[in-house]
Amino acid sequence: MTDLVAVWDVALSDRVHKIEFEHGTTSGKRVVYVDGKEEIRKEWMFKLVGKETFCVGAAKTKATINIDAISGFAYEYTLEINGKSLKKYMENRSKTTNTWVLHLDGEDFRVVLEKDTMDVWCNGKRMETAGEFVDDGTETHFSVGNHDCYIKAVSSGNRKEGIIHSLIVDDREIPEILE
């Protein structure tokens with residue numbers, strides 16, 4: 001990877017993906033790696049600006065690397081996810097998902113709730129869940145190993161704040177992380 005010009009970490013529901021981009025401005029080479037695996041390789045591209053589009057993750061999320069000339073032989077590389085700049089995508093994602101990281105039985109787990117679909121992901125796999133209505137809201141039950149887990153959804157009582165989601169594992173609350 002001698003022509004490596006950009007590296008991005010992208011948090012999706014299945015996991016955090018590493019995207020790397022090589023751009024050989026003398027050879028015309030373009031190579032895109034996702035999690036160390038080569039996704040696109042183009043040699044002898046005479047047009048040095050443009051874009052490369054590919055998919056990332058279990059949900060095949062669309063990603064595009066834009067290559068723009070800024071002056072002479074200097075280039076700017078920007079990543080778009082689902083048609084939005086990475087910054088905008090991550091800001092929007094923080095509104096539509098909750099993420100928790102926990103350590104169970106000597107192993108790390110990353111649990112993600114997609115609020116729009118109520119899908120629950122754990123370490124890259126969509127979990128089998130069972131929803132249940134309770135007195136103060138809902139509970140979405142699932143298991144991690146032999147641990148009982150559920151995500152509790154309760155109203156904050158404040159329209160701007162909306163619904164508060166909490167992950168409970170073995171009867172203890174796990175703090176949410178911001179990605």
Side-chain angles (χ1 to χ4, degrees), residues 7-20 32-40 52-66 78-179:
V7 179
W8 297 275
D9 289 321
V10 181
L12 299 179
S13 294
D14 60 342
R15 68 186 208 135
V16 178
H17 296 275
K18 180 181 225 141
I19 297 173
E20 298 168 292
V32 175
Y33 298 92
V34 177
D35 300 324
K37 182 178 168 279
E38 190 176 295
E39 290 294 320
I40 296 175
E52 294 298 334
T53 299
F54 52 98
C55 293
V56 181
K60 301 274 184 242
T61 303
K62 182 181 160 199
T64 302
I65 296 172
N66 294 302
T78 54
L79 179 66
E80 291 179 359
I81 304 293
N82 279 343
K84 296 183 179 92
S85 73
L86 181 59
K87 183 176 188 284
K88 269 265 184 270
Y89 177 80
M90 295 313 288
E91 284 169 3
N92 186 52
R93 187 170 165 72
S94 70
K95 295 174 193 157
T96 60
T97 62
N98 290 83
T99 304
W100 298 270
V101 173
L102 56 145
H103 194 77
L104 294 172
D105 305 327
E107 210 178 324
D108 287 326
F109 294 93
R110 180 173 172 269
V111 176
V112 177
L113 168 68
E114 292 181 350
K115 294 182 207 177
D116 53 351
T117 60
M118 292 305 287
D119 284 340
V120 176
W121 292 76
C122 182
N123 288 5
K125 293 185 176 67
R126 186 178 290 133
M127 304 300 288
E128 286 287 323
T129 62
E132 177 183 358
F133 289 102
V134 293
D135 287 343
D136 54 352
T138 64
E139 294 178 356
T140 303
H141 292 263
F142 60 100
S143 294
V144 174
N146 56 3
H147 297 272
D148 292 327
C149 310
Y150 64 93
I151 295 172
K152 188 168 186 67
V154 294
S155 172
S156 65
N158 175 338
R159 231 174 114 196
K160 273 194 174 150
E161 213 174 309
I163 296 171
I164 297 170
H165 296 87
S166 308
L167 174 64
I168 314 294
V169 178
D170 296 334
D171 296 320
R172 67 184 176 98
E173 188 171 339
I174 308 298
E176 184 181 354
I177 64 156
L178 296 173
E179 292 184 301

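We're numbering straight along the sequence, starting at 1.
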Colleague: For I174 versus V101, what's the shortest heavy-atom pair and its separation?
Modeller: CG2-O, 4.0 Å
Colleague: To check you understand the geometry: which heavy-atom pair defines the closest contact between S13 and W121, and what is its length?
Modeller: O-CB, 3.4 Å
Colleague: Can you tell me which residue among D14, V10, N82 is in a side-chain contact (heavy atoms from CB on, under 4.5 Å) with T61?
Modeller: N82
Colleague: Can you check whether L113 reaches V111 side chain to side chain, under 4.5 Å on heavy atoms?
Modeller: no
Colleague: Of the non-hydrogen atoms in F142 and E128, which two are nearest, and what is the gap between them?
Modeller: CB-O, 3.5 Å
Colleague: Hey, could you give me the CD1/OG1 distance between I168 and T140, rounded to the nearest 0.5 Å?
Modeller: 12.0 Å
Colleague: Keeping the roles fixed (side chain from T53, backbone from T64), state whether a donor-acceptor pair exists under 3.5 Å.
Modeller: no
Colleague: Indicate yes or no: at least one non-hydrogen side-chain atom of W8 is less than 4.5 angstrom from one of I65.
Modeller: yes
Colleague: Quick one: pull up CZ in F54 and CD in E39 and give me the separation to the nearest 0.5 Å.
Modeller: 8.0 Å
Colleague: Check the pair E107 / D105 against side-chain contact (heavy atoms from CB on, under 4.5 Å), numbers first and verdict last.
Modeller: CA-CA 6 Å; E107 210 178 324; D105 305 327; 5.6 Å; no
Colleague: Measuring only between side-chain heavy atoms, which start at C-beta, is E20 closer than 4.5 Å to V32?
Modeller: no
Colleague: When you check the gap from the basic side-chain N to the acidic O, do E91 and K95 get nearer than 4.0 Å?
Modeller: no
Colleague: Please find the pair of heavy atoms, one from E176 and one from T99, that lie closest to each other, and give the distance.
Modeller: CG-O, 3.2 Å
Colleague: Are any non-hydrogen side-chain atoms of D35 and R15 less than 4.5 angstrom apart?
Modeller: yes
Colleague: For residues D148 and H141, determine if any side-chain heavy atom of one lies less than 4.5 Å from a side-chain heavy atom of the other.
Modeller: no
Colleague: If you round to the nearest 0.5 Å, how far is CG of D119 from OG1 of T129?
Modeller: 7.5 Å
Colleague: Out of curiosity, E173 CD to L167 CG, how far, rounded to the nearest 0.5 Å?
Modeller: 8.5 Å
Colleague: Check step by step if side-chain contact (heavy atoms from CB on, under 4.5 Å) holds for I151 and W100.
Modeller: CA-CA 11 Å; I151 295 172; W100 298 270; 3.9 Å; yes
Colleague: Work out which heavy atom in V144 is nearest to a heavy atom in C122; give both atom names and the distance.
Modeller: CG2-SG, 4.0 Å
Colleague: To the closest 0.5 Å, what do you measure between CE (M118) and OG1 (T138)?
Modeller: 5.0 Å
Colleague: Under the criterion side-chain contact (heavy atoms from CB on, under 4.5 Å), I'd like the reasoning laid out for I163 against K115: C-alpha separation, chi angles, the key distance, then a yes or no.
Modeller: CA-CA 10 Å; I163 296 171; K115 294 182 207 177; over 6 Å; no
Colleague: Quick one: are R93 and V112 in side-chain contact, heavy atoms under 4.5 Å?
Modeller: yes
Colleague: Is there side-chain contact between V169 and F109, with at least one heavy-atom pair below 4.5 Å?
Modeller: no
Colleague: Rounded to the nearest 0.5 Å, what separation is found between the OG1 atom of T117 and the CZ atom of R126?
Modeller: 7.0 Å
Colleague: Would you say D171 has more than 12 foreign heavy atoms packed within less than 6.0 Å of its CG?
Modeller: no
Colleague: Looking only at heavy atoms, what is the nearest atom pair of A153 and H165, with distance?
Modeller: CB-CD2, 3.7 Å
Colleague: Do any N or O atoms from the side chain of N123 and from the backbone of R110 form a donor-acceptor pair under 3.5 angstrom?
Modeller: yes
Colleague: V134 and K152: side-chain contact (heavy atoms from CB on, under 4.5 Å), yes or no, with the steps?
Modeller: CA-CA 9 Å; V134 293; K152 188 168 186 67; 3.7 Å; yes
